[in-house]
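None of these values were measured; they are calculated from a predicted model. Numbered from 1 within each chain, the chains take letters A, B, ... in sequence-line order.
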Amino acid sequence: MKQKIKQQIIQKLKQYIPEVSQIEDRISLEIPKDEKLGDFSTNVAFLLARTLKSSPVEIAKKVSEMLSGMDTFSKVEVAGGGFINFFLSDGYYRGVLQEVIREKDDFGRIKEGSKGKINIEYVSANPTGPLHLGHGRGAVIGKVLSELYRYCGYKIEREFYINDAGNQIKKLGQSVYARFRQIEEPDYHFPEDGYHGEYIKDIAKELFLTEKEKILSMLSEDDAVEFCANYGKNYLLDRIKEDLRSIGVEFDIWFSEKHLYEHGKVDDAISFLKDRGMLYEKDGALWVRTTIYGDDKDRVIKKSDGSYTYFAGDIAYHYDKYKRGYEFVINIWGADHHGYFPRLKSAVMSFGVPENWLKVMFIQLVKLFKEGQEVKMSKRSGEFITLRELVEEVGKDAVIYFFASKDSDTHLNFDIDVALQKSNENPVFYVQYAHARICSVFREALERLSFNPEENFQADLSLLNQDIEKSIVKYISAIPDMLYDAAEKNQPNKIISITYELAVRFHRYYYGYKFLDPDNLELTYARLYLLKAIRGVLRILFKIMGIAPVERM
RNA sequence: GCGCCCGUAGCUCAGCUGGAUAGAGCAACGGACUUCUAAUCCGUAGGUCGCACGUUCGAAUCGUGCCGGGCGCACCA
C-alpha cells in the first residue's frame, strides 16, 4: 500500500518537478506516531530544498498544492519545518475493503516469484532421536518465516539437512545393534557414549521381529551396525516427519549429507576452494583460510588421518546451495551453534557471494514451565520433553502460537498451564474467538434475515462512519506493509501481535455495536461487509501461521 | 580469558536505524450479560527501562566499563 501511494505521489510530482527523479530513492514515506499528524508524512521538501534553491517550507507548500487534488487524499498539509502530512480519503479506505473482499487470500500478497528464489533451511535435527522443544521452536519460526516470505513475493524452498554421514549415525547404529543383541543376551555390551533413550529399544524390537535372521547372518559386525544405523535413521526420520507434520511443518527438499560424499560434491567444493587459494597444508591436515573473512582461526577441513571434518560437508552443502542460484539463503540454527557461524560465513564468502547472502537466525533456548516450576525431564520417558509430548498435551495451535510469539533472540518460557487454559488467559483462543464470532454472526444473518454474507454482495460503505469502524479499516490497510516489514527484518513473531491487534479491534467493535438490524438493512450490509473483510484478513494471517480458522467455539 | 544472546510493571513480553506523558497480556482491584457466543468488553492500580560513566538539545534506544542469567570457544558432529 505504502509503495503504491509513494509511487502515486512521485508520478504526480514528476509532472511538475522533473528534479524529483534525482532524489527518488531517498524519499521516505512514514506513518507518523501521532494519528493527528495524518496517515503518512514525507520528507520530499527537505530533499528538494537544495536542488531547487528554496526553503523546505516554501517547497512543501507548493508540493502540497499539487497533491491536494488527488483522490487518494482527503487532506494534504504542511507541518512544522517542511514535513508534508497526508490524510487518506474515505474513498481510498473503502477501496481497500473492496480489495480485501475481491482478492481474498491474495490481499496484499505480492505475486509469488516476482522477488526471486530463496532458501530457508531449518530444524535439520540429527536423525538420531526424537525432536525436542528447541527443534519445535525452530520449526515453527522457519515455517512462519517461509510463509511470510512467500506472501512477500519470494519463491520459497524449504529445506531440511539430514546429518546422516558422521559419527552420530555410527553411534546410532552401535546403540541399536547393542539393544538388538541384548534382547537375547541381556549382558551384551552397550557403548558408553551410545544413545540411551528408550526409543532405541523400540527400534531394536522392531528389527528383532522383522530382520532378525538377516542381521544375524551378516558376516561382520560392522555390516550389521551399518544396517542398524540405516534402519534406525529411516525410522527416526519418519518419526521426525510425522512430528513436523503434526504442527503443519513441511519441507520441499530433504538434503542428505551422505549424498554429498557419494556424489563427489565434497571433493568438488574442496577443489573450488583450492582454486581460490583458500587452502593450505599443515601438520598433515588440510586447512581453510577462514581468517581471511574474519574468523578467529583457520579451520581444518581434512584431518591428518585423511577423513573429512563435518565442516567439509557443510562447505560442500552450501556450495551446492550457492550453485542453485538463490537470491539469499536463511539458516535457522540453535543458539548453541553461534560459534560456528564465522567459519561457515568465511567459506561462503569465498564463493564470491554478497555480504549477507547467508543469513543465520539463532533460536534461543526454550524452557518449559508447569505449575510454576521448570520441567526438564519427561515423566514418561525420563528424557527431555519431546515436541510430540508437548503437542499432545496442549495442541497444535497453542504450540505454534507460543513458539512463534517471541523474538527468536530471546529465551522462551513456555507455560503449559497457560497454553492449556481455554480462557482469556490464553491468547490463542482470543484470536480464534474473533474468527468464530464473525462466523457466528454470519450464521445468524442467514437465520434471522435470510441473508447469506458468504455469498457475494455489495454495500454502501460510506455508512461505516464510526471511529472504531474507521480504525479497523485503517488497520487492515496497513497490514500488508507490516507483513513485508516483518519478513524483511526476519521477525516472524510480529505476525502474532498484528493478529492480536486486529482481534482486539474486532472484539471491541463487537461489544459496542449491533451488526444485525432488520430495521436498517443498508447499515447491516455495510457492517457485514466490514466483518467479512476482517475475517478475510484473519484467515490470511492464520494461514501464514498455520493456525486453524475455527468457525465455532 | 575471548566471543554471541538476553536483563523494561509481581509474571510473560513489545518498544531498540535516538525524539515529546515507556506500551500490551496475565495476575490484583472495580464495573458491564433479558443482546449477533461474557473464551468478550470498559476502567483502576502497578515501572530508578540491571548499574555507572560518556556522546547528544534530547538515550530504554548509540558507545565504553561493570553486574546478573544463558550459550559457545576441537584435526566432534
Side-chain angles (χ1 to χ4, degrees), chain A residues 28 33-34 124 126 128 163-171 193 257 282-287 295-314 333-343 360-367 369 372 402 405-415 417-418 421-434 436-449 453 468 489 491 493-494 496-498 500-501 503-504 506-518 524 527-528 531 550-553:
Chain A
S28 76
K33 282 189 181 155
D34 190 347
S124 297
N126 284 348
T128 52
N163 298 124
D164 53 5
N167 282 332
Q168 301 303 321
I169 286 292
K170 200 170 169 189
K171 248 191 254 173
D193 55 350
E257 182 185 4
K282 195 182 91 181
D283 305 332
L286 193 60
W287 297 68
D295 194 9
D296 292 342
K297 47 189 166 193
D298 290 340
R299 306 288 171 171
V300 171
I301 192 170
K302 194 175 191 177
K303 295 180 245 178
S304 50
D305 68 3
S307 64
Y308 291 115
T309 59
Y310 176 81
F311 188 37
D314 224 10
W333 291 350
D336 53 344
H337 290 88
H338 68 255
Y340 186 73
F341 180 56
R343 83 188 69 164
V360 177
M361 281 173 75
F362 295 101
I363 307 291
Q364 297 290 334
L365 212 80
V366 177
K367 280 186 186 174
F369 286 83
F402 282 97
S405 67
K406 306 291 186 289
D407 192 308
S408 57
D409 260 347
T410 65
H411 295 213
L412 176 73
N413 292 329
F414 193 110
D415 190 327
D417 301 315
V418 171
Q421 289 267 357
K422 300 206 172 195
S423 74
N424 54 348
E425 275 185 57
N426 189 341
V428 187
F429 289 97
Y430 185 88
V431 297
Q432 284 178 325
Y433 188 42
R437 267 184 148 177
I438 294 174
C439 293
S440 167
V441 173
F442 285 9
R443 286 192 295 267
E444 282 301 311
L446 184 59
E447 180 81 11
R448 295 188 194 179
L449 308 174
I468 180 74
K489 291 184 176 150
Q491 289 187 310
N493 56 307
K494 286 205 160 147
I496 298 286
S497 50
I498 294 170
Y500 191 85
E501 281 295 313
V504 167
F506 165 73
H507 284 308
R508 198 175 288 156
Y509 184 36
Y510 183 96
Y511 190 83
Y513 294 87
K514 206 103 185 76
F515 304 135
L516 304 178
D517 181 0
T524 298
R527 288 186 168 165
L528 289 174
L531 292 195
V550 179
E551 301 200 357
R552 275 173 213 272
M553 290 178 76

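- The side chain of A/Leu365 lies closest to B/G70 when the candidates are B/A77, B/G70, B/C41.
- The side chain of A/His507 lies closest to B/U40, out of B/C5, B/U40, B/C13.
- A centroid separation of less than 6.0 Å is found between the aromatic rings of A/Tyr509 and A/Tyr513.
- When distances are taken from the side chain of A/Lys406 to each of B/A77, B/U12, B/C5, the shortest belongs to B/U12.
- Of the candidates B/C75, B/G72, B/U40, the closest approach to any side-chain atom of A/Tyr511 belongs to B/U40.
- Taking atom P on both B/C11 and B/U48, the two are 13 Å apart, rounded to the nearest angstrom.
- Pairs of Watson-Crick or G-U wobble type, with distances under 3.5 Å, assemble into runs of 3 or more in RNA chain B at these ranges: B:1-7 with B:67-73, B:10-13 with B:23-26, B:28-32 with B:40-44, B:50-54 with B:62-66.
- Side-chain nitrogen and oxygen atoms of A/Tyr430 include at least one within less than 4.0 Å of the OP1 or OP2 phosphate oxygen of B/C41.
- Proximity note for A/Thr410 (side chain, C-beta onward) versus B/C6, B/G72, B/U40: the nearest is B/C6.
- The base of B/C75 is paired with the side chain of A/Ser304 by a donor and an acceptor separated by under 3.5 Å.
- Out of B/G15, B/U40, B/A39, the shortest distance to the side chain of A/Gln491 is found at B/G15.
- Remark: the A/His337 side chain and the B/G72 base include no donor-acceptor N/O pair separated by less than 3.5 Å.
- Under 4.0 angstrom from either OP1 or OP2 of B/A38 there lies at least one side-chain N or O belonging to A/Arg437.
- Of all nucleotides listed (B/U40, B/G72, B/U12), B/U40 comes nearest to the side chain of A/Tyr433.
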